[in-house]
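Working notes, beginning with the structure itself.
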Amino acid sequence: MAGTGKAHLRDSPDVLLRVDDLVVEFPVGRTGLKVHAVSGISLDVLRGETLGLVGESGCGKSTTGRAIMQLPRPTSGSVLFENKQLTEMSGDTMREARTRMQMIFQDPISSLNPRRKVRDIVLEPLSIWKRGSKKEQGERVDTLLEEVGIDPARAAESQPHQFSGGQCQRISIARSLVLDPTLIICDEPVSALDVSVQAQVLNLLEDLKAKHGLTLIFIAHDLAVVKNISDRIAVMYLGKICEVAPSDLLYAHPAHHYTSVLVDSIPVPDPEIAATKTAIEGEPPSPVLPPPGCRFNPRCPAAQDICRSEEPQIREIEPEHFVACHFPTFTPVSISV
Amino acid sequence: MSIDLEEPTATASEAPTTLVVTKKPFKMPRLGWIFGTIWLVTLSFCALFAGQLPFIREYSAKVKVNGRAKSYGWGPGWNAWFGTDKSSFDVFARCIYGARVTLLVGVGATALGLFLGGILGILGGYYRGRIDRVTSIFVDCLLALPPLLLALLLIYRLDDLEIQIWFWKVTRPWEITITLGILAIAPLARIVRAQTISLREREFVLAARSLGAKNGRIIFREVLPNVVPTMLTVAFTGLGILIAAEGALAFLGLGVESPQTWGKMINAGRDDLAKAWWATLFPCLFLLLSVVSFNLIGDQMARRFDIREAAI
Amino acid sequence: MSDLIQASARDLSGPLIELTDVKTHFKTARGLVRAVDGVSFTLERGKSLGIVGESGSGKTVLSRSIMGLLPPKAAVRHGSIKFEGREILGLSRSQMRGIWGSEMAMIFQDPMTSLNPVMKIGRQIAEPLRIHLNMARSDAWATAERLLTDVRIPEAARRLNQYPHELSGGMRQRVMIAIALACGPTVLFADEPTTALDVTVQAQILDLLGEQRRDRNMSLILVTHDLGVVAGHTDEIAVMYGGKLVEKAPTRSLFANMKMPYTEALLQSIPKLTDPSHTRLSVINGRPPDLVNPPVGCRFAARCLYTQQRCREEEPPLVVTPEDPEHSYACWYPVGSPAYFEAKARIPSNSTVEVL
């Protein structure tokens with residue numbers, strides 16, 4: 001897994017966000033060691049597209065999302081958003097640019113200030129940027145609250161803990177929409193919710209995306225959820241990209257061994273199928289000392305010597321389907337360049 | 001087996017409404033809190049309007065026995081409720097007047113400690129890095145010095161300086177307030193810093209930043225409202241300690257000169273404890289009740305703010 | 001094993017656990033919360049049962065009621081819980097202590113908070129062995145090492161001397177399982193054991209639980225909100241809603257012949273990998289009922305797509321299906337009945353109105 005390379009990047013005028021060689025490292029205390037959270041990934045998202053980022057915890061998917069927002073700034077790499085280089089921006093320009101993209105977090109309750117009224121929380125962005133008069137601000141907030149299914153009157157007098165997890169997530173969504181952003185980064189927005197509520201929130205996101213013309217980056221560990229909402233999926237493992245493909249293609253024939261493991265690990269609500277599955281051994285290694293070569297090699301059923309020494313490059317294995325693997329699960333169809 | 005010891009707790013996945021087992025609050029603390037408030041309100045009222053209230057003797061009025069002032073002339077009784085002291089002053093009246101200084105010093109020192117400690121704690125905890133290192137070193141230095149020594153040094157130094165800012169002359173009560181306030185900085189700063197650090201990692205702070213809020217706004221709108229309850233809770237508990245500390249300073253002879261304070265009264269009466277226990281006991285009782293009252297209020301605040309936190 | 005249980009008549013022929021009309025209510029400031037409101041079922045020795053439901057359905061409270069792990073002051077308990085033929089509902093904590101560990105054990109969602117952070121793994125496993133089984137120190141540590149090997153922890157001997165924070169989340173959950181298995185329980189309760197774990201690790205832990213259950217002829221009660229988790233790993237499934245048991249069946253029978261509209265809705269709200277992307281998910285509208293004032297009639301009526309007048313007035317009893325005597329459900333108009341199709345036909349096709 002490895003995945004350096006940019007074969008999967010598209011050269012289109014519709015590219016809203018382009019990330020090149022993003023690297024994020026954190027120091028481990030004062031040991032001099034570093035957590036290699038994200039090790040050189042490249043991504044692009046077209047206007048109106050939903051990009052899914054899947055992987056297990058520690059694969060760097062959330063860090064990628066935050067690095068795109070420049071919160072915190074990446075160690076190196078470039079983030080081009082609406083044709084503006086975010087990594088070079090400073091202070092107020094950065095603050096301004098950040099309002100064009102928003103984030104929704106995993107823990108719906110922790111992402112709302114427990115001591116403020118819900119309506120004020122949603123109104124806060126407008127008050128920061130002094131958009132419109134008090135009356136206009138209030139109207140905008142009420143419309144959005146209604147759109148996400150929260151009663152504005154109740155929101156005006158209640159604090160977040162008086163709402164359920166699913167409702168808090170709806171409130172977060174309303175807040176992220178209030179400044180009219182183009183890109184929304186959803187960081188595991190439904191992982192903390194029950195399945196029935198999860199379906200409500202996913203449908204809501206789809207509706208709002210259509211209504212407000214949004215572009216989404218949807219980060220999650222559940223491949224089934226990501227597949228449902230995304231147009232294109234990037235699978236990550238230990239800070240690298242392993243595979244990028246349109247969602248249906250990715251599931252139909254996963255090329256990377258890790259992707260097939262991921263597909264197989266999802267619990268299927270069908271006893272006939274579930275009984276036939278076997279789990280993969282081992283757990284992801286620490287991102288402090290990632291293995292050399294392909295980062296998936298210690299767990300990979302098809303690993304050979306070259307996988308332990310040489311990092312595979314991302315290449316196109318069939319049209320629109322990109323993989324970073326020396327020995328993918330199926331042979332590439334020949335592509336005429 | 002560790003499982004045996006596991007107490008069932010509400011897990012995040014379970015709706016709080018079904019699992020949070022809200023016990024009825026104990027009767028005792030609730031009564032205590034009401035008692036504390038009544039005590040402090042009554043005391044403050046009496047202290048403030050001591051001159052107007054008919055049942056409180058004037059500050060400098062000596063109680064006379066057969067027309068003459070007499071050392072420890074009366075024991076506690078109808079004539080002088082708490083008896084009279086060495087110089088034949090009414091102990092009750094002096095306890096009330098003493099509250100003026102004591103409460104002012106306590107509240108003033110706490111406010112000063114809260115303000116400075118709060119600023120240091122929030123700045124250090126929010127910005128981390130170099131600012132945190134500098135503030136932490138400062139706080140650690142404050143903590144490293146023996147508080148009594150620091151208090152002695154500060155008061156003597158301030159005495160020598162005789163600071164006068166326009167009309168405001170730094171007199172002994174102010175010196176004590178400043179000194180105790182400085183002593184209160186360190187513990188408050190530490191608590192606020194710890195709280196701020198945990199808050200800044202919370203996602204709503206990140207959300208505010210992603211919405212383009214500036215640091216100042218995040219501190220005032222997102223962090224501060226969540227820190228203030230803890231600050232107040234700690235401050236109220238600490239107020240009791242500061243009042244007792246003022247007593248201790250007075251006991252060491254570093255008290256306020258002109259109006260009487262409880263600490264000074266206790267100090268003055270202790271030599272004649274066998275002869276006239278009332279001259280020491282009643283100020284002690286006032287001190288004790290006030291300290292306990294502040295603590296009870298602090299506990300109640302902690303409980304109240306906690307319920308909201310617990311529901312999160 | 002526990003003297004307490006041995007002294008009383010141990011009924012090894014009947015069901016392992018038998019619940020009759022179990023009610024667990026909590027006294028709260030808002031009133032009496034009927035978290036579990038009349039649940040009856042039996043669990044055979046060596047079988048695995050999945051308890052499925054949303055947050056607030058009472059599934060966690062039910063499992064803790066059986067284990068007797070509820071705050072004694074706040075909880076009001078009714079009904080009967082028989083373990084190996086012996087009534088355990090009224091037992092005190094000290095009496096339960098003889099059952100915990102050696103007869104019933106539990107693993108929790110978050111392995112980090114369930115382990116003592118300042119105690120070595122080895123000691124955390126060995127301690128109960130020494131207390132419950134009076135093992136010598138060296139024997140207990142040897143057993144601990146064997147247990148760690150059993151739960152597939154590599155380099156078991158070295159792990160004994162490590163602290164919980166040195167292990168990954170999956171490894172910690174394995175340690176929790178080892179601790180739970182230490183005294184050879186007859187039944188293991190697993191409360192959302194994999195919710196905090198990654199998908200690949202989740203599959204490993206579920207496989208491990210199944211394997212240990214077979215090897216030790218142990219019963220397993222798996223509490224989860226995810227029908228996918230129980231599908232491949234339990235013999236039977238009990239679906240809970242609003243503190244009630246609404247459907248119970250052998251796993252295959254349940255998936256093949258779902259009766260309760262709630263179970264159907266729960267299953268349909270899971271996104272499926274086989275569906276093309278952007279498939280509209282079916283949702284369960286509304287929220288779970290208020291358990292302080294539960295509605296009259298069927299508790300799911302307010303959210304059910306096929307609700308009729310009768311559902312709002314009369315509470316449906318738990319009835320057995322004609323096809324399978326082990327399959328029971330509580331619904332007036334079950335999935336597949338003529339009334340169900342009639343109701344379904346009346347619903348406008350695009351009724352995905354989401355109301356909260």
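Residue numbering restarts at 1 for every chain, and letters A, B, ... go by the order of the sequence lines.
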- Task: Give, as side chain, backbone, both or neither, the part of B:L199 having an atom under 4.5 angstrom from any heavy atom of chain A.
- Result: neither
- Item | Contacting moiety of B:R209, where chain A heavy atoms sit under 4.5 Å | both
Go through the atoms of [X] and report whether side chain, backbone, both or neither lie under 4.5 Å from a heavy atom of chain B.
{"X": "A:L179", "answer": "side chain"}
{"X": "A:S127", "answer": "both"}
{"X": "A:M94", "answer": "neither"}
{"X": "A:R175", "answer": "both"}
{"X": "A:D120", "answer": "neither"}
{"X": "A:E124", "answer": "both"}

- Query: How close do A:N113 and A:P160 get, heavy atom to heavy atom, and via which atoms?
  - Reply: O-CG, 3.4 Å
- Would you please name every residue forming a side-chain hydrogen bond (donor to acceptor under 3.5 Å, both in side chains) with A:E139, sequence neighbours left out? A:K135
- Cation over ring, A:R154 on A:F163, under 6.0 Å and within 45°? yes
Are [X] and [Y] close enough that some pair of their side-chain heavy atoms sits under 4.5 Å apart?
{"X": "B:D132", "Y": "B:R193", "answer": "yes"}
{"X": "B:T177", "Y": "B:L104", "answer": "no"}
{"X": "A:L53", "Y": "A:F218", "answer": "no"}

